[in-house]
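Order of listing sets the numbers, starting from 1, for every ligand and every atom in it.
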Amino acid sequence: MRIMFILIKIFQNLNFWTWRFLFGTQKTQGGAYVHSDRLTVTSPVLMWVKALDMILEKMKSSGFNFAQVRALSGAGQQHGSVYWKKGSIQTLKNASPQLPLHQLLKACFAVSNSPIWMDSSTASQCSNLEKAVGGAQHLAAITGSRAYERFTGNQIAKIYSQNPEAYTQTERISLVSSFAASLFLGAYAPIDYSDGSGMNLLQIWEKVWSASCLDACAPGLEEKLGSPVPSHSVLGSISPYYIQRYGFSPDCKVVAFTGDNPASLAGMRLQEGDIAISLGTSDTLFLWIQEPTPALEGHILCNPVDSQTFMALLCFKNGSLMRERIRDDCASGSWDEFSKALSSTVAGNNGNLGFYFDVMEITPEAVGIHRFNSDNQKVSDFPKEVEIRALIEGQFMAKRIHAEKLGYKVMPRTRILATGGASHNKKILQVLSDVFNAPVYTIDTANSACLGSAYRAIHGLVAETNVSLADVVKLAPEPRLAVTPTTGAEELYRPLLKRYAELEQKVIYNPTSCPVK
Ligand SMILES: Nc1ncnc2c1ncn2[C@@H]1O[C@H](COP(=O)(O)OP(=O)(O)O)[C@@H](O)[C@H]1O
Ligand SMILES: O=C(CO)[C@@H](O)[C@H](O)COP(=O)(O)O
């Protein structure tokens with residue numbers, strides 16, 4: 001049988017097409033529903049199931065030969081959670097191949113709108129968790145991160161305190177990634193170490209749930225989560241539903257699914273010393289590290305391709321959606337016009353700097369639009385082209401400043417590996433290269449999480465025999481050089497980076513002076 005691997009990365013925000021989905025009164029945009037408090041953000045769980053149904057139906061009608069698939073894996077947005085109602089395991093196991101899954105699973109969820117990564121409504125749960133374990137730094141030392149509002153433990157604690165009935169009805173809690181794996185497996189799939197480290201619940205060193213964190217979030221939680229597993233684990237064979245409905249082979253294996261950023265690390269074949277920057281809905285920056293020191297900023301996750309090492313991650317919430325808003329306001333909704341504006345303005349923007357946070361940022365905690373002229377005076381607007389450059393330069397200066405706070409140093413051999421939707425845009429990549437004074441590489445597909453899922457599926461089949469992912473994919477195409485820094489960029493941006501870091505202190509969210517969160 002020819003070996004093929006299928007990769008699935010659908011349980012993200014589905015914003016590759018503007019998805020409007022009506023469930024009850026909740027209309028999602030870009031796959032997410034922002035509640036009236038502007039803090040709570042959810043997605044209907046059945047929307048994700050329907051998306052999977054639609055994708056597989058499309059593949060079937062295009063003649064895709066599912067019988068050739070030897071193994072599959074996938075990735076989902078990190079931190080989001082799914083609440084399976086008691087008894088759902090039977091529905092999942094006995095799903096009738098005559099019907100689409102979203103119809104069969106209609107009654108399977110104790111919480112129909114899943115909290116997702118964009119949610120920031122759990123401030124009180126975060127402070128409870130930090131208090132319970134002896135403070136923010138101590139929580140970071142155990143789980144790799146101080147308490148973050150989007151992290152799953154805090155989301156579970158909120159559901160338990162606000163909707164105890166739903167919590168009691170729940171027999172299993174999945175991450176978005178392990179939820180997707182469960183659908184293919186026809187059984188509850190375990191959470192993998194790497195995505196599990198985005199919950200504020202996993203002891204990242206020992207790779208077991210932390211009893212004190214579990215207890216601080218909700219009672220009986222360990223049982224509802226199941227035991228975590230290494231990210232390369234083969235979970236079992238594909239469920240009969242997929243064999244009968246789509247013609248998968250009964251031998252097709254399901255390899256543990258993981259988070260989108262961990263899957264991207266695999267897809268980009270990141271090496272130590274490289275820096276990966278994903279320009280998707282969120283912007284993220286991640287590194288492969290051996291000996292992490294968890295701090296109050298950033299996250300340390302278990303490495304998805306090597307259980308002995310780690311991955312450092314910074315997440316910036318105001319990524320593509322922010323760029324899209326400025327594109328719409330200043331470039332008539334056109335990326336071409338947006339790119340022309342970058343070309344028509346000079347590097348360094350004549351000293352004009354900006355901070356663009358339509359929603360409360362994660363790194364740093366700040367909200368609002370703040371523009372400064374070359375004399376550090378606050379101004380209310382910029383000409384359109386200046387606005388576009390200020391946005392892009394500001395986004396990349398923040399990334400370099402916060403990566404350096406994590407201990408990362410740009411070296412002569414530094415490679416930036418760029419991925420995500422905006423990595424298609426060379427003008428944006430040029431600014432990235434100049435601000436970091438390092439070459440930027442891309443891979444053939446901007447969707448490195450998908451590619452990484454395929455690589456991980458192959459790796460899963462041989463990982464038990466100690467073969468590394470690097471060995472498995474050594475014949476895959478290398479990342480390609482996209483842009484190199486412009487001469488003089490380092491001298492230009494060094495003083496600007498210093499100014500940007502100082503101004504950032506002025507815009508950081510202060511709950512006593514700013515009522516909006
Ligand atoms: N030419 C482009 N220039 C800048 N941004 C782009 C371009 N093409 C697509 N994008 C952005 O890419 C985003 C999607 O990126 P993607 O990596 O698919 O998102 P996700 O992180 O949700 O998987 C879109 O929101 C869009 O704004
Ligand atoms: O919260 C994080 C990482 O900590 C996000 O990066 C999510 O994992 C989803 O990202 P998108 O793929 O939607 O950008």
Give the atoms of ligand 2, by number and element, whose distance to some non-hydrogen atom of [X] is under 4.0 Å.
X	result
Leu313	3 (C), 4 (O)
His79	1 (O), 2 (C), 3 (C), 4 (O)
Thr284	6 (O)
Gln78	3 (C), 7 (C), 8 (O)
Arg150	1 (O), 2 (C), 3 (C), 4 (O)

Residue among Ser120, Ser282, Cys315 satisfying side-chain contact (heavy atoms from CB on, under 4.5 Å) with Arg150: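 For Arg150, the side-chain contact (heavy atoms from CB on, under 4.5 Å) check succeeds only for Cys315.
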Would the distance check show the side chain of [X] and the main-chain N or O of [Y] forming a donor-acceptor pair, the cut-off being under 3.5 Å?
X	Y	answer
Asn200	Ser145	yes
Asn113	Thr42	no
Arg38	Val359	no

Side chain to side chain, Phe151 and Leu129, heavy atoms closer than 4.5 Å: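 No, too far: nothing below the 4.5 Å cut-off.
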Decide if the gap between the ring center of [X] and the ring center of [Y] is smaller than 6.0 angstrom.
X	Y	value
Tyr500	Phe355	yes
Tyr148	His299	yes
Trp205	Phe310	yes

Residue pair Ser81 / Tyr83, side-chain donor-acceptor N/O under 3.5 Å: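 Side-chain D/A pair, Ser81 to Tyr83: present.
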Side chains of Ser121 and Asp119, donor plus acceptor under 3.5 Å: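 The answer is yes; a qualifying pair exists.
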Location of contacts on Thr281 toward ligand 2, heavy atoms closer than 4.0 Å: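 The answer is both.
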Return yes or no for this condition: an N or O of [X] is under 3.5 Å from an N or O of ligand 1.
X	result
Asp260	no
Gly421	yes
His424	no

Proximity to ligand 1 by part of Asn425, non-hydrogen separation under 4.0 Å: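 For Asn425, only side-chain atoms sit under 4.0 Å from ligand 1.
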Proximal atoms of ligand 1 relative to Gly420 (non-hydrogen, under 4.0 Å):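 Near Gly420, the atoms of ligand 1 are 17 (O).
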Which of the ligand 1 atoms, numbered from 1, are nearer than 4.0 Å to a heavy atom of Ile428: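 That gives atoms 4 (C) of ligand 1.
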Out of [options], whose heavy atom is nearest to [atom]?
atom	options	result
atom 13 (C) of ligand 1	Ser278, Ala449, Ser320	Ser320
atom 4 (C) of ligand 1	Trp335, Trp117, Phe338	Trp335
atom 10 (O) of ligand 2	Gly420, Cys315, Ser282	Ser282

Glu324 to ligand 1, any heavy atom closer than 4.0 Å: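 So Glu324 counts as touching ligand 1.
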